[in-house]
Amino acid sequence: MNENEAKKRIDELRKLINYHNHRYYVLDSPEISDAEYDEFIKELQHLEEEFPQFLTPDSPTQRVGAAPVEAFGVVEHQIPMLSLGKAFSQEELLAWHKRISGLLGESEFDLVAEHKMDGLAVALIYQDGKYVTGATRGDGFRGEDITQNLKTIKSVPLSLPKGVPSRFEARGEVFLSKKGFKKLNDDRAKAGQPLFANPRNAAAGSVRQLDPRITAQRPLDIYIYGVGQAEGGKTFTTHWETLEYLKSLGFKLNPQNKLLKNLQEAENYYQHWVEERERLPYEADGVVFKVNRHDLQERLGNVGGEPRWAVAYKFPATQATTVLEDIGINVGRTGTLNPFAILKPVNVGGVIVKRAALHNEDDIRRKDIRIGDTVIVQRAGDVIPEVVGPVASLRTGKEKRFVMPTKCPVCGSEVTKPEGEAMSRCTNMSCPAQIFELVKHFVSRGAMDIEGIGEKLAEALLKAGLIKDVGDIYTLEEEKLIGLERMGKKSADNVLKAIEESKKRPLSRVIFALGIRHVGSETAEILAKHFGSIDRLSQATEEELMTAPTIGPTIAESIVAFFRQGSNRKVIGKLKKAGVTMQEKAARPHALPLTGKEFVVTGKLDSFTRTEAETRIRELGGSVGSSVSKKTDFLVVGADPGSKLDRARQLGTKILDEKQFLDMLEGKKK
DNA sequence: CCGCCTCGAGTTCT
DNA sequence: CTCGAGGCGG
């Protein structure tokens, strides 16, 4: 290949790559496969190596691999990057609107609504259509030169179409998607590095890497929201037109931007996203409203370093800081010691939070959470409150590191933490905490389903010594029950009736109810089918157990150990004596209607709870999965479905609404 | 041996 | 809903 041919092919490839890059990273609708794209990149790299005279900084191969710098240079913003005034309530939004309406002498004017991304503001500067400089906002007047780092973001165009102003500055927000943020933190956790508290910190940290090769590995993205400096070229009369123009230049804009007619529509827009923000692929901490017409913007001007023509209306915070007063320990059914945070009560997004999950010891150490720390607490949507991490800068030095007790806080027995496992466990099988949890599990809905025995009664029964293990439930008598708190004849009768009922539960439920470690509802089902009775199951050796599907050495060992334990054999004896199901029911004459079909349920159903629906499916021979996969046959969708619906659509899984599902249960169609 | 897919277990607040 | 871990396929 001679020089001329090479030059021609290089230009061609760059055009091609830029086009497909834009399709993929900006428009989210690729036309070619990743492999084909990589082929183009490879070919271009080869040519550029062979003909280095044609290598230019705006070549798509130059996004990665610039050498690290010692420190960042300074970039002066020709037009300051101002921060926005904030509104925290409807009243404050109203006040903003009223003030500018007064200044303008009219109250109906278009507004542009945008999401306030949880990221960091940057400027991209183009000279004669070529990307030359990228800068952080800094203090608004001077920022840091992060040109090489921003270049690694694939949705940043490196060159613009002909006809753009000779010097052109686009402004936007660099951010991490929720997924990207999570993945980044997961990777850091695995590597034992400190975690980022939120996507903004993560984005800022990534963009301010001295080594652009590190930045290139972070899944950063950018939404452009405006123009800074622009010498020559087009002028626009509204902000919306400016946004359209930016889009036409190849910049990536937030698809949720919207042109609104008045304040009412702005309030609706806000309300909508307060409710829907969980569903967004990125984190937003509010919405921004901007006066659309540029002439009105100019008349309103700036005041106190903030433009009067825009306002950031913040969402209710999902994070708050409070003091971690102590770390408590719960002992679970399987003896696991589960630490939880005891917090100085704090309002997070309208809910008073006093406790929060702290999954395990490693997690506490990884996040370096200490008792007495001021911590960030987060409650996203319906999700359980969790401690994100400490605010290390507020430490006084009096904070105490958490140490997992070596004795069970409930019974005082030895605690072990097997090598390589995340959980510490109490070794005492008859630890009162474990027995209590086991009773709760035994009577719970998915297990023996004894209505009337709940947390309260279970505790009372144990305390009064009426039961010592789950087998004793079947020897309870009316007179004894009536003595207990809030328990009259009527309630006692009901409880006894429910206990009687529970004797009829199928074998699989009984196996599940026993609470054998690693044996949940699915595995119990398999064991019941495979062994047919408790007697055969209890006599099975590890080898025999492992012939059943999904049973490996760990589960097999756990089952054998369970039945070897004398106390467990005694419990089974009691259940047998009471007449609880010990055999799989005789093979049914005809196959159940839903045999072999796997269901997944999402959202709220009207006719019954999700667990009830799942039980019904199992009774009819179907199985229930917890997430949608290739194997799933049907997704049952109730109100307010979660991400499972998206996944089902992706996989083309058959989707049933509640009505169709009920019809199916009644056997109307298959 | 590693990565993917499921299952099991535990959590908070209204 | 999320995390950890068991099972199994590539």
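Chain letters run A, B, ... following the sequence lines, proteins first and then strands; every chain starts at 1.
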Trainee: Could you tell me whether the phosphate oxygens of dG8(B), OP1 or OP2, come under 4.0 Å of any side-chain nitrogen or oxygen in Ser558(A)?
Mentor: no

Trainee: Run the salt-bridge test on Lys178(A) and Glu283(A) with the 4.0 Å N-O cut-off and return the result as yes or no.
Mentor: no

Trainee: Can you tell me which nucleotide in dC13(B), dC7(B), dG10(B) comes closest to the side chain of Lys354(A)?
Mentor: dC13(B)

Trainee: Does dG10(B) have OP1 or OP2 under 4.0 Å away from a side-chain N or O of Asn330(A)?
Mentor: no

Trainee: Give the rounded distance in Å between these two atoms: CZ of Arg517(A) and P of dG8(B).
Mentor: 14 Å

Trainee: Starting from P on dT6(B), measure out to CZ on Phe599(A) and report it in whole angstrom.
Mentor: 16 Å

Trainee: Roughly, in whole Å, what's the span from CG in Asn338(A) to C1' in dT11(B)?
Mentor: 9 Å

Trainee: Return the orientation label for the Phe315(A) and Tyr270(A) ring planes: parallel under 30°, perpendicular over 60°, tilted otherwise.
Mentor: tilted

Trainee: Expressed in angstrom and rounded to an integer, what is the separation of Glu542(A) atom CD from dG7(C) atom P?
Mentor: 11 Å

Trainee: Once you round it to whole Å, what is the distance between P of dA9(B) and CD of Glu522(A)?
Mentor: 12 Å

Trainee: Side chain of Arg355(A), heavy atoms from C-beta onward: which of dC13(B), dC7(B), dG6(C) has the nearest atom to it?
Mentor: dC13(B)

Trainee: Between dG10(B) atom C1' and Phe340(A) atom CZ, what is the distance in whole Å?
Mentor: 13 Å

Trainee: How long is the span from the CZ atom in Phe340(A) to the NZ atom in Lys354(A), to the nearest 0.5 Å?
Mentor: 12.5 Å

Trainee: Distances under 3.5 Å between protein N/O atoms and the N/O atoms of nucleotides 8-10 of chain C, please, pair by pair.
Mentor:
| residue | atom | partner | partner atom | Å |
| --- | --- | --- | --- | --- |
| dC8(C) | OP1 | Thr550(A) | N | 3.0 |

Trainee: For the pair made of NE2 in His441(A) and C1' in dG8(B), what is the distance, rounded to whole Å?
Mentor: 10 Å

Trainee: For the pair Asp469(A) and Lys570(A), find out whether any cationic side-chain nitrogen is under 4.0 Å from an anionic carboxylate oxygen.
Mentor: no

Trainee: Using 0.5 Å steps for rounding, measure from the CZ atom of Arg425(A) to the OG atom of Ser413(A).
Mentor: 14.5 Å

Trainee: Can you tell which of dG10(B), dG7(C), dC7(B) lies closest to the side chain of Thr334(A)?
Mentor: dG10(B)

Trainee: Kindly list each side-chain donor-acceptor pair under 3.5 angstrom involving residues 540-552 of chain A, sequence neighbours excluded, with atom names and distances?
Mentor:
| residue | atom | partner | partner atom | Å |
| --- | --- | --- | --- | --- |
| Thr541(A) | OG1 | Glu544(A) | N | 3.2 |
| Glu544(A) | OE1 | Thr541(A) | N | 2.9 |
| Thr547(A) | OG1 | Glu544(A) | O | 2.5 |

Trainee: Map His518(A) and Val353(A) onto DNA chain B by nearest heavy atom, then report which one ends up closer to the 5' terminus.
Mentor: His518(A)

Trainee: Report the distance from atom CD of Gln434(A) to atom CZ of Arg333(A), rounding to the nearest 0.5 Å.
Mentor: 10.0 Å

Trainee: Between dT11(B) atom P and Leu337(A) atom CG, what is the distance in whole Å?
Mentor: 11 Å

Trainee: Taking the nucleotide of DNA chain B with the closest heavy atom to each, which residue, Ile516(A) or Ile352(A), is nearer the 5' end?
Mentor: Ile516(A)

